[in-house]
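The block underneath contains the structure these notes are about, expressed in structure tokens.
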Amino acid sequence: GGANAIVLDDQPWYWPGETRTGKAVFYAKTPEMQVVTSDATAFYRPTYDVTRMRRTSLWTDAGFGIILDDGEAESPHTWTWQAYLRPDTALDGSTAHVRLPNGKSVLIVWTPACDCRLVDVAGFPRTEEGCSKRLELTKRGTHAAFSVMIAPGAKAGRGVIHFIGLFSD
């Protein structure tokens, strides 16, 4: 529910009943960027028949990020990638434009092979606005992969769409 995470079968408040720790699979760092891959399969077991849940995150020192999530299960599920964003967020196809209070913006782009929507969330988080918008990207099946790019100050354009297309299913 209240996290930037993968939600299964519309269960926003799922909790496995005890603390679970993800497993680091890969980490690398250069002076300009960091990349990490982790496995969170144990978080979903035994409630769900998830056989793989991995996230790879790449972040540059300039704030540019790429998040790749890959999940697989023995039976079909509804997989929802979610992120809580500022209330001044607008949806345009497979792009979200997030306006920041300082007048700057962040562009969020994802692979278009999923359903997407913005949901108004009153009272969360506890910020000055007292609300947010939750971006939900949804796929159904035994496998779901989400590729999301976060680009501060970027404008939607052909290069951005081509770049995210490299990660399409």
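What you are looking at is a predicted structure, and each value in this text was computed from that prediction instead of being measured. Heavy atoms only: backbone and side chains are in, while hydrogens, waters and symmetry mates are out.
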TODO: Give the intermediate values and the outcome of side-chain contact (heavy atoms from CB on, under 4.5 Å) for residues Arg140 and Trp79.
DONE: CA-CA 6 Å; Arg140 290 164 192 78; Trp79 308 77; 5.9 Å; no

Rounded to the nearest 0.5 Å, the OG atom of Ser38 sits from the CE atom of Met53 at a distance of 10.5 Å

For a 4.5 angstrom cut-off between non-hydrogen side-chain atoms, does Val35 reach Phe26? yes

With a 3.5 Å distance limit and no angle check, can you tell me whether Thr56 reaches the backbone of Thr37 through a side-chain donor-acceptor pair? no

task = Could you tell me whether the side chains of His143 and Asp70 share a donor-acceptor contact shorter than 3.5 Å?
result = yes

| task | Flag the pair Thr51 / Thr41 as yes when at least one side-chain heavy-atom distance between them is below 4.5 Å, and no otherwise. | result | no

Query raised in the report: Under the 3.5 angstrom rule, does the side chain of Lys139 hit a backbone N or O of Ala145 as a donor-acceptor pair?
Result: yes

Is any side-chain heavy atom of Trp110 closer than 4.5 Å to one of Cys116? yes

Q) Can you find a pair of side-chain heavy atoms, one from Val119 and one from Glu136, that are under 4.5 Å apart? A) yes

Heavy atoms from other residues, nucleotides or ligands near CZ of Arg86 exceed 12 (cutoff 6.0 Å): yes

Working for side-chain contact (heavy atoms from CB on, under 4.5 Å), residues Thr89 and His97:
CA-CA 5 Å; Thr89 299; His97 300 270; over 6 Å; no

Would you check if Arg134 and Leu118 make a side-chain contact, meaning some heavy-atom pair closer than 4.5 Å? no

Smallest heavy-atom separation, Ala122 atom then Cys131 atom, equals CA-CB, 4.2 Å

query = Would a distance-only check, ignoring hydrogens and angles, find a side-chain to backbone donor-acceptor pair under 3.5 Å from Thr142 to Glu74?
reply = no

Beyond-backbone contact of Ile150 with Trp59, side-chain heavy atoms, under 4.5 angstrom: yes

Interatomic distance, CG@Leu68 vs OG@Ser57, rounded to 0.5 Å, equals 8.0 Å

Are the side chain of Asn102 and the backbone N or O of Lys104 linked by a donor-acceptor pair below 3.5 Å?
yes

Problem set entry | Tyr44 side chain reached by Arg52 side chain, heavy atoms, under 4.5 Å | no

Do we get Lys133 above Tyr84's six-membered ring, with its NZ or CZ under 6.0 Å from the centre and within 45° of the axis? no

d(Asp61 CG, Lys29 NZ) to nearest 0.5 Å is 7.5 Å

query: Arg54 side chain to Ala40 main-chain N or O, any donor-acceptor pair under 3.5 Å?
result: no

Validation row: Ser132, Val121 side chains within 4.5 angstrom (heavy atoms):
yes

Here the gap from Ser105 atom OG to Asp88 atom CG, rounded to the nearest 0.5 Å, amounts to 11.5 Å

Derivation of the side-chain contact (heavy atoms from CB on, under 4.5 Å) call for Val148 and Ile108: CA-CA 7 Å; Val148 179; Ile108 302 174; 3.6 Å; yes

(message) Please determine whether residues Val36 and Ile67 belong to a single hydrophobic cluster, defined as Ile, Leu, Val, Met, Phe, Trp and Tyr linked transitively by side-chain heavy-atom distances below 4.5 Å.
(response) no

Checking side-chain contact (heavy atoms from CB on, under 4.5 Å) for the pair Phe146/Thr111: CA distance, chi angles, key distance, verdict? CA-CA 7 Å; Phe146 299 95; Thr111 48; 5.6 Å; no

Between the CG atom in Leu58 and the CE atom in Met149, the distance rounded to the nearest 0.5 Å is 12.0 Å

Rounding to 0.5 Å, atoms CD1 (Ile6) and OG1 (Thr80) come to a distance of 8.0 Å

